[in-house]
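Before any comments, here is the structure.
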Amino acid sequence: MKQIDQMRRRAARYLAVEAVEIAPAKGVFSLSFDDFPMTAWTEAGPVMAAHGVKATYYVCGGLAGGVNMDRDQYRVEQLQALHAAGHEVGCHTFGHTSALRMDAEALRLSLDANAAWVAERLGGYRMTTFAWPFGDATVGAKRVVRRRFELARGVRDGVNAGREDRALIKSIGLESRRLPGYDLEALMAEAAARRGWLTAYGHDVSDRPTDYGCTPDDLDRVLRAAKAAGLEVLPVAAAWEIVRQ
């Protein structure tokens with residue numbers, strides 16, 4: 001099973017559903033949070049407000065008010081607050097289920113459930129971008145997702161520039177287990193020099209984050225680096241409108 005999953009991931013990575021040209025007038029940076037833990041709003045929200053920037057929150061309706069990976073997840077009133085503050089809400093399936101564990105019909109049902117759940121709580125809001133739970137995608141799942149969303153974001157490192165698969169956009173992880181391996185300033189400079197699009201995803205935000213989270217200081221450093229490089233900082237959907245050609 002593990003070998004088959006690896007083969008399916010590899011095929012999804014190299015077989016583009018629809019390649020588009022990424023060529024904004026200037027470099028762009030987008031910040032996103034997956035699942036999302038409560039602290040991605042209570043701790044990260046003030047940091048972003050201080051910088052005057054907005055992010056994208058990839059939501060699983062089935063996780064609301066619960067616990068995931070030992071972290072309290074968001075409450076509905078927090079989702080409504082960040083939406084009212086101008087942050088984007090994106091889809092992350094209803095139950096945070098890997099695409100490797102769902103056939104096309106199960107994936108469609110999960111997307112339907114999440115769309116209905118979010119719309120009911122956000123006054124009919126329609127999500128236009130998607131992020132793959134665990135970064136897992138398959139060629140078949142990409143086709144299902146592409147028919148419903150403008151783009152889908154993955155977890156593969158790198159700057160999006162030139163021809164990119166709109167169903168598997170690259171993204172760096174703002175995670176304590178991965179951050180030491182990045183030269184953030186160099187990545188920001190590359191995005192600026194290539195007129196590319198750098199996206200990043202995180203989870204919990206606290207002074208004692210999980211392996212998948214970061215500290216408020218980490219987040220502050222990322223946003224300072226993006227601004228110092230001259231990148232425009234936008235949520236994923238807003239960025240997509242200006243980076244695609």
Side-chain angles (χ1 to χ4, degrees), residues 10 12-34 44 47-58 86-88 90 128-132 135 137 142 146 149-203 205 212-245:
R10 189 174 299 115
R13 177 176 176 178
Y14 290 107
L15 296 176
V17 167
E18 182 182 345
V20 295
E21 190 75 18
I22 302 296
K26 62 180 291 188
V28 180
F29 175 69
S30 295
L31 175 66
S32 58
F33 296 95
D34 291 0
V47 177
M48 292 185 290
H51 283 277
V53 302
K54 309 297 184 186
T56 300
Y57 285 81
Y58 285 108
H87 297 275
E88 179 193 1
T128 62
T129 69
F130 177 81
W132 296 99
K142 288 204 300 182
R146 174 62 192 96
F149 300 101
E150 285 293 311
L151 65 88
R153 199 221 72 218
V155 298
R156 184 161 59 98
D157 287 343
V159 173
N160 297 287
R163 301 284 286 177
E164 298 288 351
D165 183 0
R166 70 190 295 165
L168 198 60
I169 294 297
K170 297 172 187 153
S171 194
I172 63 172
L174 301 186
E175 303 176 319
S176 59
R177 62 178 183 153
R178 301 180 69 179
L179 275 170
Y182 293 131
D183 185 336
L184 290 173
E185 287 72 18
L187 282 167
M188 301 294 182
E190 179 186 350
R194 297 177 65 189
R195 287 192 304 156
W197 181 27
L198 181 65
T199 80
Y201 65 93
H203 295 89
V205 179
Y212 302 94
C214 68
T215 69
D217 285 346
D218 289 330
L219 185 58
D220 179 71
R221 177 192 166 200
V222 167
L223 293 174
R224 287 182 184 278
K227 289 184 172 182
L231 302 182
E232 187 168 5
V233 182
L234 294 169
V236 173
W240 180 245
E241 291 300 316
I242 66 171
V243 303
R244 60 181 176 173
Q245 295 292 324

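- Of the possible donor and acceptor atoms, one in the side chain of R166 sits under 3.5 Å from a partner among the backbone N and O of E150.
- Here the side chain of T129 pairs no donor or acceptor atom with the backbone of F149 at under 3.5 angstrom.
- Closest heavy-atom contact between N160 and I169: ND2-CG2, 3.3 Å.
- Residue V236 comes nearest to T56 through the heavy atom pair N-OG1, 2.8 Å, listed as atom of the first residue, atom of the second, then distance.
- Residue A137 comes nearest to L168 through the heavy atom pair CB-CD1, 4.0 Å, listed as atom of the first residue, atom of the second, then distance.
- With L31 as reference, L174 is the one residue of V53, T199, L174, V233 to meet the side chain to side chain contact (heavy atoms under 4.5 Å, CB included) rule.
- Electrostatic pairing of E164 and R244 does not count as a salt bridge here, judged by no charged N lying under 4.0 Å from a carboxylate O.
- Across A225 and E185, no two heavy atoms sit closer than the pair CB-OE2, 4.2 Å.
- Once rounded to the nearest 0.5 Å, the distance linking CD of E175 with SG of C214 reads 9.0 Å.
- Rounding to the nearest 0.5 angstrom, the gap separating the OH atom in Y212 from the CZ atom in R178 is 10.5 Å.
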side-chain contact (heavy atoms from CB on, under 4.5 Å) between I22 and V159: does it pass, once the steps are laid out?
CA-CA 10 Å; I22 302 296; V159 173; over 6 Å; no

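- Between the side chain of Y182 and the backbone N or O of G173, at least one donor-acceptor pair lies under 3.5 Å.
- A donor-acceptor pair shorter than 3.5 Å can be found between the side chains of S32 and R153.
- A salt bridge between K26 and E232 is absent, with no side-chain N of the basic residue lying under 4.0 Å from a carboxylate O of the acidic one.
- Residues W132 and A167 share a closest heavy-atom pair of NE1-O, 3.0 Å.
- Using a distance-only test at 3.5 Å, with no hydrogens or angles considered, no donor-acceptor pair links the side chain of D34 to the main chain of Y58.
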Name the atoms and distances for all side-chain donor-acceptor pairs under 3.5 Å in residues 189-198, with sequence neighbours left out.
unit_1, atom_1, unit_2, atom_2, d
E190, OE2, R194, NH1, 2.8
W197, NE1, S30, OG, 2.9

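- The backbone N or O of L223 sits nowhere less than 3.5 Å from a side-chain atom of H51 that would complete a donor-acceptor pair.
- A donor-acceptor contact shorter than 3.5 Å links the side chain of E88 to the backbone of A237.
- Note that NE2 of H87 is 9.0 Å distant from CZ of F33, once rounded to the nearest 0.5 Å.
- Side-chain atoms of D220 never come within 3.5 Å of backbone atoms of D217 as a donor-acceptor pair (strictly under, hydrogens ignored).
- With W240 as the partner, the side chain to side chain contact (heavy atoms under 4.5 Å, CB included) test is satisfied by one option alone out of T128, V20, L234: V20.
- Considering all non-hydrogen atoms of both residues, P235 and K54 come closest at CG-CB, 3.6 Å.
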